[in-house]
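Following: one structure in structure tokens, then a few remarks.
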Number of protein chains: 2
Amino acid sequence: MTATPTPTTPTPAVPAPAATAPAAPAPAAEEDWLRLDHQICFSLHAASRAFNGVYRVVLKDLGLTYPQYLVMLVLWEHGDQPVKKLGEHLRLDSGTLSPLVKRLEAAGLVRRERSTRDERSVDVRLTEEGAALRGRAVQVPRRIVASTGFALDEIDALRQRLDELTTALDAAALRETPGCA
Amino acid sequence: MTATPTPTTPTPAVPAPAATAPAAPAPAAEEDWLRLDHQICFSLHAASRAFNGVYRVVLKDLGLTYPQYLVMLVLWEHGDQPVKKLGEHLRLDSGTLSPLVKRLEAAGLVRRERSTRDERSVDVRLTEEGAALRGRAVQVPRRIVASTGFALDEIDALRQRLDELTTALDAAALRETPGCA
DNA sequence: AGGCAGTTAGTTGTGTGCAATTGAATTGTG
DNA sequence: CACAATTCAATTGCACACAACTAACTGCCT
């Protein structure tokens with residue numbers, strides 16, 4: 001350890017994590033905040049990659065990657081739609097979707113067609129093969145759920161928690177963005 | 001809207017089959033499983049990217065990306081260590097860490113030095129500048145926590161849940177891996 | 001008509017993330 | 001000591017993810 005060169009006083013300017021539980025009886029020095037942060041962001045990051053890893057294995061049979069599977073889920077559920085709509089469903093921009101959809105097209109699962117009404121827009125349409133893939137995809141969710149070892153209601157509770165988190169973080173990102181303060 | 005040509009069934013309406021009960025009691029229309037899966041994997045994916053986005057904004061001041069910040073947290077907490085150890089802490093392999101650490105070196109935050117004991121190993125050492133950055137990093141966790149709008153104990157509960165999930169998923173990934181069945 | 005603002009995909013550049021491979025260094029075994 | 005197996009970092013190839021930019025089109029305005 002390289003000691004702590006921080007000249008800052010150990011005085012926690014905002015020492016009251018108090019909140020709702022006495023998880024930390026002590027004021028939680030700045031050092032502890034970094035440890036805590038380590039835990040939090042690492043946990044989410046690791047969970048995301050672990051999830052990705054399981055999906056990777058399960059989806060290999062279908063020849064899909066995890067984000068590609070998400071796009072197919074949207075198409076199966078909401079039908080053919082332009083790239084813009086896909087991006088809204090998945091919160092992804094064209095920089096991510098354009099090459100991804102092209103790979104799906106190369107795989108023969110979708111077609112990309114310029115809208116005749118508005119030539120800026122590109123409709124993504126399922127091919128026969130893409131629609132048929134749904135039949136093989138229905139087994140995926142159960143295998144994933146089984147992998148977690150969680151009960152359905154536990155998963156749903158976690159999902160709701162994550163959605164709350166995402167909503168809060170998206171709002172915060174807008175506030176924190178330099179220039180939007 | 002393209003008039004939704006989806007052959008979607010008119011909502012079979014089978015929300016959540018009896019909670020913690022094992023396997024599939026009721027057939028629970030395969031369609032619903034796909035919808036559920038959509039929700040789950042999308043939620044985790046979105047939360048991960050939302051978290052990433054907030055960290056991106058907050059860490060811009062420090063000139064770090066989110067994964068780079070994770071590496072610095074490990075170095076600050078556990079001291080100088082070889083790439084291998086870093087990878088164990090973060091569950092990242094050399095394919096990810098090698099270029100990442102080189103960027104940290106280019107930024108002057110760390111040095112990479114071949115171990116004299118074992119020349120296969122590369123020690124990652126904090127520079128003065130890298131160690132000093134910790135002083136500016138201590139403000140990060142509070143800003144992140146504030147962004148979530150969650151209380152500390154809520155975050156900790158979520159973290160534990162995610163860790164359970166990661167553990168289960170890692171184990172499952174090993175089982176699912178073709179060739180390890 | 002002409003022009004300008006807003007919208008939509010696409011492209012480019014940077015930075016992960018992971019599988020597979022390479023190559024050097026080390027260790028184990030006879 | 002020689003040789004095979006192992007370990008570790010680095011590299012390569014592919015696939016996201018996002019910021020910034022370009023290009024093309026729409027529609028509204030004067």
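Bear in mind that the values here come from a model prediction, so they are computed numbers and not experimental data.
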Check your understanding: Hey, is the main chain of B:Leu109 close enough, under 3.5 Å, to the side chain of B:Thr127 for a donor-acceptor pair?
Key -> yes

**Study point:** Partners meeting salt bridge (Lys or Arg N to Asp or Glu O under 4.0 Å) with A:Asp93 (sequence neighbours left out)
**Key:** none

Check your understanding: Whole Å only: how far is the CD atom of A:Glu113 from the C1' atom of C:dT8?
Key -> 17 Å

Exercise for review: Remember a base hit wins even if backbone is also touched, and classify B:Lys102 as base, sugar-phosphate or nothing at under 4.0 Å, heavy atoms.
Suggested key: sugar-phosphate

Review point. What integer distance in Å separates B:Asp93:CG from C:dA19:C1'?
Key: 8 Å

Check your understanding: Rounded to whole angstrom units, what separation is found between the CG atom of A:Leu97 and the P atom of C:dT11?
Key -> 14 Å

Exercise for review: Ignoring backbone atoms, establish whether A:Ser121 has a side-chain N or O less than 4.0 Å from OP1 or OP2 of C:dA9.
Suggested key: yes

Review point. Can a donor-acceptor pair be found between the side chains of A:Ser43 and B:Asp163 at a distance below 3.5 Å?
Key: yes

Revision key, fill the gap. The first and last nucleotides of DNA chain D lying within contact of chain A, meaning any atom under 4.0 Å from one of its heavy atoms, run from D:dA15 to D:dT26

Study note, to complete from the structure: Applying salt bridge (Lys or Arg N to Asp or Glu O under 4.0 Å) to B:Glu113 and not counting sequence neighbours gives B:Arg111, B:Arg125

Study note, to complete from the structure: In whole angstroms, the gap separating P of C:dT8 from CZ of A:Arg114 amounts to 13 Å

Point to revise | Stepwise salt bridge (charged side-chain N to carboxylate O under 4.0 Å, His left out) test for A:Arg143 and A:Asp61 | key: CA-CA 12 Å; A:Arg143 292 181 65 183; A:Asp61 295 342; 3.5 Å; yes

Check your understanding: Which part of the nucleic acid, if any, lies within contact of A:Leu100, taking any heavy atom under 4.0 Å across all strands shown: a base, the sugar-phosphate backbone alone, or nothing?
Key -> sugar-phosphate

Check your understanding: Taking for each residue the nucleotide of DNA chain D bearing the nearest heavy atom, is the 5' side occupied by A:Asn52 or by B:Thr96?
Key -> B:Thr96

